Amino acid sequence: MSANDVILLNEMIDQDQKRLAPDSSRSDHETFFAAKQYLRHYKPTNDDLLSGIVDGRHDGGIDAAYIFVNALAITDDVPVAPLGRNATLDLFIFQVKNSRSFGEDAINKLSLALPQLLDFGRDEQALSRGFNPKVIEITRRFLAVYRALEMPSLRVYIVFVSLKADHVHPSTREKSEDLERALFDCFRGCAPSIDFVDAADLADMARDKPTTTRNLALAENPISTDTVGGYIAVVKLKAYEDFITSESGEIDASLFEANVRDYEGDTSVNRSIQDSLDKVDHETDFWWLNNGVTIVANRVQPANKLLELDSPQVVNGLQTSNEIYKRSRRGDTELDQRSLLVKVIQATNPKVRDRIIRATNSQTALGPSALRSTDKVQRQIEEYLAKQNLYYERRRNFYQNRGIPLASVVSIDQMGQALLATLVQMPHVARGSLSKIFEEDLYDLLFSPQHPVAIFSVAINVIRKCQDFLKHGRGPETDIDDFCYHLAMLAMIALTRRNRPSTSEVAKLEAVEITHGELSTLMRIIESEYTKFSRNSGEVLLDRVAKSEAVTKALLERGRKYLLSTSTR
């Protein structure tokens with residue numbers, strides 16, 4: 001590695017920070033940048049990446065930690081049991097240093113910390129004296145996910161990134177073997193991997209943009225109609241499995257406009273698909289028994305028995321795709337010559353794509369999260385926020401590679417959290433169980449077409465004002481998530497002067513004007529109730545306090561009293 005590599009990487013990070021997050025700390029953005037490049041084949045969202053940063057006091061030598069199941073990022077307490085037997089569970093631990101060497105101290109720190117954090121019998125109260133709440137929360141989630149999955153294939157990656165290093169000293173590599181042994185002692189079935197990434201490595205990753213074009217090999221020439229861009233074909237099961245599998249061997253979650261909840265697991269429908277796949281009948285092809293899958297792409301280029309697809313998305317057939325992928329993990333499939341029916345449609349117009357997604361999924365009683373992005377109300381939110389120079393990301397990663405500043409992007413998850421906190425007054429759910437926003441009853445409450453569209457703008461503005469206040473006005477950034485949703489709930493009460501603000505009252509708040517002094521007063525109320533709950537329950541972990549429904553109820557009562565005490569001002 002040359003000095004130029006260090007200079008060029010530093011410029012890359014500078015430009016990335018100026019473009020995406022000029023207000024973030026340099027160390028946090030270095031971690032964000034490193035994780036984004038290293039995990040690029042998993043295609044995590046910006047929300048996923050930011051949620052894993054734990055750097056700060058008492059971080060145990062961990063700057064960021066990420067959990068993936070079958071390449072799907074797990075960032076809240078979402079149930080993962082439906083992913084079934086033999087799922088791939090990946091844990092990534094990052095340490096990112098702006099230094100010229102890979103120090104042994106970093107390895108020693110993790111060798112001591114990880115056996116404590118990854119112990120199923122751990123004492124979290126004792127851990128809280130040595131580790132910050134976010135480190136404890138993410139490692140707790142990892143242990144819970146491991147327990148919930150049936151016989152998962154576990155891989156743990158420890159990634160040391162040194163932004164100015166040019167080599168790894170032999171003694172450092174020897175020391176890393178101690179860390180491997182420590183991880184193996186924690187999980188006998190674990191496949192630990194320790195990687196040292198220098199400036200040249202990271203710069204190469206940043207230049208290596210994941211391809212958006214994929215080839216689908218067909219069993220025979222496709223059938224097309226006079227309408228340009230539509231094809232029907234049969235694809236060998238092995239060829240389709242290759243199409244939906246990433247370079248690292250997992251199902252490529254980026255191909256599916258979905259999230260972890262959308263795969264329904266061990267249902268009668270999926271068991272039927274499994275049976276059809278496992279029982280090879282040479283007189284019956286698989287596509288005779290299955291509805292097949294639908295793929296949309298920005299561009300479709302046929303070439304004999306091949307379709308070249310630009311930015312493809314499997315918009316119907318998630319269950320079938322998962323079962324085909326799982327089939328290869330149950331045994332040898334090379335000799336299976338059966339085929340799958342595939343519809344491939346070129347659709348560059350978002351409205352046409354939405355119609356295809358909804359029409360091809362119309363048989364689904366409860367639509368997956370992918371269907372939510374096609375709802376009329378979601379398009380209305382997108383159009384309304386655009387007038388305020390905000391980009392509403394109703395589809396995962398839509399704006400990630402377009403250079404849009406993070407502060408200008410509002411993901412559907414962020415909007416769900418804002419509405420949970422400010423509109424339906426469930427900040428504990430916003431903090432701990434975000435995936436619930438896609439459950440039918442709650443989704444219909446949050447995103448009702450009857451809501452005045454202005455409430456969506458108000459909700460996100462209130463949340464962001466609270467986040468800015470917490471970021472610049474008090475303690476460590478790792479605590480922001482534990483306070484901002486409760487603070488936003490009380491802030492909305494204060495702004496509307498209503499215990500239970502109606503949607504029309506919220507919509508009238510064209511400009512969110514709440515002073516630093518009033519937010520400080522509301523924060524004192526929250527801290528008082530957190531302290532009281534901790535004292536009465538014995539709970540010392542901040543994230544668990546923030547996820548408590550009892551705390552929300554107590555704060556709603558305090559909000560009512562606050563209005564009474566300030567009614568004459």
Side-chain angles (χ1 to χ4, degrees), residues 45 47-48 51 72-82 141 148 257-265 267 318 357-358 361 364-382 385 392-396 410-460 462-463 481 484-490 492-493 499-507 543-544 546-553 555-556:
T45 66
D47 287 350
D48 295 336
S51 71
L72 294 161
I74 308 298
T75 58
D76 73 342
D77 301 332
V78 59
V80 296
R141 182 173 296 132
E257 293 198 344
N259 70 11
V260 68
R261 291 189 62 257
D262 295 326
Y263 174 59
E264 296 170 357
T267 64
L318 177 66
I357 293 171
R358 187 156 290 281
N361 285 277
T364 307
L366 173 59
S369 63
L371 288 182
R372 305 307 195 189
S373 68
T374 70
D375 287 350
K376 182 179 179 181
V377 67
Q378 297 294 341
R379 294 197 298 272
Q380 289 173 334
I381 297 170
E382 183 178 35
L385 292 186
Y392 187 52
E393 195 170 53
R394 57 191 177 98
R395 289 200 173 90
R396 285 173 57 91
V410 179
S411 69
I412 195 170
D413 286 352
Q414 291 172 4
M415 183 61 75
Q417 287 174 308
L419 296 169
L420 280 166
T422 61
L423 185 66
V424 301
Q425 298 182 331
M426 297 171 65
H428 54 286
V429 177
R431 176 62 182 88
S433 303
L434 172 61
S435 59
K436 287 185 177 179
I437 69 171
F438 294 115
E439 293 180 0
E440 189 171 23
D441 292 344
L442 190 52
Y443 177 87
D444 291 343
L445 181 63
L446 296 171
F447 293 101
S448 170
Q450 278 68 53
H451 290 340
V453 71
I455 72 163
F456 300 106
S457 170
V458 173
I460 204 69
V462 169
I463 277 285
D481 286 346
C484 72
Y485 304 114
H486 289 91
L487 182 59
M489 178 183 74
L490 293 185
M492 186 65 83
I493 290 172
N499 292 319
R500 296 278 181 177
S502 68
T503 55
S504 60
E505 289 165 338
V506 171
D543 74 289
R544 286 188 160 172
K547 295 173 186 176
S548 168
E549 185 177 2
V551 170
T552 296
K553 290 179 179 178
L555 284 171
L556 284 171

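Just so it is clear, the model here is predicted, and its values are computed rather than measured.
One N or O on the side chain of Glu505 and one on the backbone of Ser502 form a donor-acceptor pair closer than 3.5 Å. With Ser51 contributing its side chain and Asp48 its backbone, the two residues share a donor-acceptor pair below 3.5 Å.
Closest approach of Pro427 and His486 over heavy atoms only: CG-CD2, 3.5 Å. Contact record, Ala507 with Ala454: O-CB, 3.9 Å, taken as the closest heavy-atom pair.
At a threshold of 4.5 Å between non-hydrogen side-chain atoms, the residues Phe438 and Ile412 count as touching. Using a 4.5 Å cut-off on side-chain heavy atoms (C-beta onward), Phe447 and Ile381 make contact. Two residues are said to be in side-chain contact when any heavy atoms from C-beta on lie closer than 4.5 Å; Leu423 and Met492 fail this criterion. Taking 4.5 Å as the limit, some side-chain heavy atom of Pro501 sits within range of a side-chain heavy atom of Gln425.
Under the rule for a side-chain contact (heavy atoms from CB on, under 4.5 Å), the partners of Asp76 that lie at least two apart in sequence or sit in another chain are Val78, Leu434, Ser435. With sequence neighbours excluded, the residues that form a side-chain contact (heavy atoms from CB on, under 4.5 Å) with Ala488 are Ala421, Thr422, Val462, Ile463, Cys466.
A distance of 4.5 Å separates CZ in Arg394 from CD in Glu382, rounded to the nearest 0.5 Å. In this structure, CG in Leu555 is found 11.5 Å from NE2 in His428, a value given to the nearest 0.5 Å. In this structure, Arg431 CZ and Gln417 CD are separated by 9.0 Å, a value rounded to the nearest 0.5 Å. Once rounded to the nearest 0.5 Å, the distance linking CD of Gln414 with CG of Asp47 reads 4.5 Å. Here Asp543 contributes atom CG and Asp481 contributes atom CG; the two are 10.0 Å apart, rounded to the nearest 0.5 Å. We find the CG-CD1 distance between Leu419 and Ile455 to be 6.0 Å, quoted to the nearest 0.5 Å.
A side-chain hydrogen bond (donor to acceptor under 3.5 Å, both in side chains) with Tyr392 is found for exactly one of Gln378, Gln380, Arg379, namely Gln378. Applying side-chain contact (heavy atoms from CB on, under 4.5 Å) to Met415 and the options Leu385, Leu446, Leu420, Ile437 leaves one that passes, Leu385.
Ring pair Phe456/His451 is tilted by interplanar angle, where 30° to 60° counts as tilted.
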Before giving the answer on side-chain contact (heavy atoms from CB on, under 4.5 Å), spell out for Met489 and Leu556 the whole-Å C-alpha distance, their side-chain angles and the decisive distance to 0.1 Å.
-> CA-CA 8 Å; Met489 178 183 74; Leu556 284 171; 3.6 Å; yes
